[in-house]
Amino acid sequence: MRPVQRTTVPAPDDLLGLTGRELGASEPQVVTQEQVNLFADVTEDHQWIHVDVERARSGPFGTTIVHGFLTLSLVPRLLADILEVQTYSMGVNYGLDRVRFVKPLPPGVQIQGTATLLSAKPIEAEHGRPGGVQAKASVVVEFAASGETCCAAEILFRYYS
């Protein structure tokens, strides 16, 4: 497991000088089978490899696995655990550039996020919105025990001043 490390900046503009920097590692966390079942209900993806514990024991993974998109949905939360911008008026997820589901995640296994800031650029104020910064980070969801990659994503986000 990596040591938990957080990067804190006072304001969005402070991200501009961090391009290329490793931002840190999140607190470890676990996705439960209950969360998987709830995600299946919300997305109507009740594929047996996710929700049928008995059948999955004899399946290709020997257990149920977390939906890839549930794992992906954790990326903004893991990034928020790693990067803190102290003062801003609004933060939004702006999109994704690249996503890979590298290795299936069984429920009950600890994961940890790591992040590197890939880019940051100013956003001009317009249409009543304040200016700010648009940034892109590489976030890797790792198995906490081994450091192996589970999911990798490049996430775009904006912080408005």
Scan residues 53-80 for pairs that pass salt bridge (Lys or Arg N to Asp or Glu O under 4.0 Å), counting only residues two or more places apart or in two chains. Glu54-Arg57

Please check if Val99 and Ile82 belong to a single hydrophobic cluster, counting links between Ile, Leu, Val, Met, Phe, Trp and Tyr side chain heavy atoms closer than 4.5 Å. yes

Identify, with sequence neighbours excluded, every residue that meets side-chain contact (heavy atoms from CB on, under 4.5 Å) alongside Thr63. Pro106

Closest non-hydrogen atom pair, Ala25 against Thr114: CB-CG2, 4.1 Å

So among Leu96, Thr116, Leu118, Val75, which one has a side-chain contact (heavy atoms from CB on, under 4.5 Å) with Glu154? Leu118

Which atom pair, heavy atoms only, marks the closest approach of Leu105 to Thr71? CD2-OG1, 3.9 Å

Any side-chain heavy atom of Val53 sitting closer than 4.5 Å to one from Gln33? yes

Between Val4 and Pro28 the two heavy atoms that sit nearest each other are CG2-CD, 4.3 Å

Report yes if the side chains of Val36 and Thr64 come closer than 4.5 Å at any heavy-atom pair, otherwise no. no

Evaluate the side-chain hydrogen bond (donor to acceptor under 3.5 Å, both in side chains) criterion for residues Asn37 and His46: first the C-alpha distance (whole Å), next the side-chain angles of each, then the deciding distance (0.1 Å), finally the verdict. CA-CA 8 Å; Asn37 295 344; His46 292 95; over 6 Å; no

Under 4.5 Å between any side-chain heavy atoms of Cys151 and Val102, yes or no? no

According to a 4.5 Å side-chain heavy-atom criterion applied to Ile, Leu, Val, Met, Phe, Trp and Tyr, with indirect links allowed, do Leu72 and Val109 form part of one hydrophobic cluster? yes

Distance (rounded to the nearest 0.5 Å) between Leu83 CG and Leu15 CG: 5.5 Å

In this structure, CD of Gln134 is separated from NZ of Lys121 (nearest 0.5 Å) by 5.0 Å

side-chain contact (heavy atoms from CB on, under 4.5 Å) against Tyr160, all qualifying residues, sequence neighbours excluded: Ser89, Met90, Val92, Ile123, Arg129, Pro130, Arg158

By side chain to side chain donor-acceptor pair (under 3.5 Å), Glu148 pairs with (sequence neighbours left out) Lys103, Ser146

Could you state the interatomic distance from OG1 (Thr87) to OH (Tyr159), rounded to the nearest 0.5 Å? 11.5 Å

Straight-line distance of Leu70 CG to Thr43 OG1, nearest 0.5 Å: 8.5 Å

Minimum heavy-atom distance Pro12-Val85, with the two atoms named: N-CG1, 3.7 Å

Drop me the distance from Gln35's CD to Ser73's OG, to the nearest 0.5 angstrom. 9.0 Å

List for me each residue that meets side-chain contact (heavy atoms from CB on, under 4.5 Å) alongside Pro76, sequence neighbours excluded, and say none if there are none. Asn93, Ile155

Counting neighbours of CD on Glu34 that are heavy atoms of other residues, nucleotides or ligands and sit closer than 6.0 Å, is the number greater than 12? no

Tell me if the CZ atom of Arg6 is crowded by more than 12 foreign heavy atoms within 6.0 Å. yes

Criterion side-chain contact (heavy atoms from CB on, under 4.5 Å) against Leu74, the qualifying member of Ile111, Leu79, Val139: Ile111

Does CD belonging to Glu124 count more than 12 external heavy atoms closer than 6.0 Å? no

Report the C-alpha separation of Thr149 and Val141 in whole Å, then their side-chain angles, then the decisive distance to 0.1 Å, and conclude whether the side-chain contact (heavy atoms from CB on, under 4.5 Å) test is met. CA-CA 6 Å; Thr149 299; Val141 181; over 6 Å; no

Which atom names give the shortest non-hydrogen contact between Val51 and Ala40, and what distance separates them? CG1-CB, 3.6 Å

Common cluster, Leu23/Leu156, ILVMFWY with side-chain heavy-atom separation under 4.5 Å: no

N/O donor-acceptor pair under 3.5 Å between Gln112 side chain and Ser26 backbone: yes

ring-ring contact (aromatic ring centres under 6.0 Å, His included) pairs touching residues 104-153, sequence neighbours excluded, are none

For Asp45, which residues count as a side chain to side chain donor-acceptor pair (under 3.5 Å) partner, sequence neighbours excluded? none

Going by chain and number, the hydrophobic cluster around Trp48 (ILVMFWY, side chain to side chain under 4.5 Å) further includes Ile49, Phe61, Ile65

Quick check, are the ring centers of Phe69 and Phe39 under 6.0 angstrom apart? no

Kindly work out whether a path of hydrophobic side-chain contacts (I/L/V/M/F/W/Y, heavy atoms less than 4.5 Å apart) joins Val9 to Tyr88. yes

Taking only residues at least two apart or on different chains, which pairs with a member in residues 88-97 satisfy salt bridge (Lys or Arg N to Asp or Glu O under 4.0 Å)? Asp97-Lys136

Under the ring pair (Phe, Tyr, Trp, His ring centres under 6.0 Å) test, residues paired with His50 that sit two or more places apart: His67

What pairs with Asp52 under side chain to side chain donor-acceptor pair (under 3.5 Å), at least two apart in sequence or on another chain? none

Could you give all pairs that pass the salt bridge (Lys or Arg N to Asp or Glu O under 4.0 Å) test and reach residues 11-28, with sequence neighbours left out? none

Between OG on residue Ser138 and CZ on residue Arg98, distance to nearest 0.5 Å: 8.5 Å

